[in-house]
Amino acid sequence: MKINWKVRFNKKNLTFIARFLAALIVPILAYMGLEVTDFTSWDSVGDLLISFITNPYLIGLTVFNAINLIPDPTTSGLSDSELVKNKK
């Protein structure tokens, strides 16, 4: 599996970064039954992080969701296309 991480995580690819962050955050909020508006203090954010870290199922679900974004949908398999691999 060869992936050009510099192309994925750079300033020009903000769409991928936003999708990746959403893939991390949305499962946590959905599992806990929360909405973004529920976070009105840093204590509530800290409580959520502690609840997340102590839940192995939720950690696995979140990691799986984030990894699911990584494969390039325009190629077969898990590697990037030759064009993307050679891009800087």
Between [Y] and [X], is there a side-chain heavy-atom distance shorter than 4.5 Å?
X: E35; Y: L29; value: no
X: M32; Y: L58; value: yes
X: F52; Y: Y31; value: no

Determine, using the 4.5 Å side-chain heavy-atom cutoff (strictly less than), whether L61 and V26 are members of one ILVMFWY cluster.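 They do not share one cluster, since no chain of ILVMFWY contacts under 4.5 Å joins L61 to V26.
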Do V45 and I50 sit in one hydrophobic cluster, given that two such residues count as connected whenever their side-chain heavy atoms are within less than 4.5 Å of each other, even indirectly?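 Different hydrophobic clusters.
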Main-chain N/O of K6 paired to N10 side chain as donor or acceptor, under 3.5 Å: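 Confirmed, N10 side chain pairs with K6 backbone.
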Is it true that, when you exclude F64 itself, more than 12 heavy atoms of the residues, nucleotides or ligands shown sit nearer than 6.0 Å to its CZ? no
What closest approach, in Å, do N65 and A23 show between heavy atoms, and which atom pair accounts for it?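 For N65 and A23, the tightest heavy-atom pair comes out as ND2-O, 2.9 Å.
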On a heavy-atom basis, the closest approach of A66 and L24 is CB-CD2, 3.6 Å
By side chain to side chain contact (heavy atoms under 4.5 Å, CB included), which residues pair with F9, not counting sequence neighbours?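 Partners of F9 by the side chain to side chain contact (heavy atoms under 4.5 Å, CB included) criterion, ordered by chain and then number, come out as W5, F16, I17, F20.
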Point-to-point distance, once rounded to the nearest 0.5 Å, from [atom1] of [X] to [atom2] of [Y]:
X: I59; Y: I53; atom1: CD1; atom2: CD1; answer: 7.0 Å
X: L34; Y: I25; atom1: CG; atom2: CD1; answer: 12.5 Å
X: S41; Y: D47; atom1: OG; atom2: CG; answer: 7.5 Å
X: N13; Y: R19; atom1: CG; atom2: CZ; answer: 9.5 Å

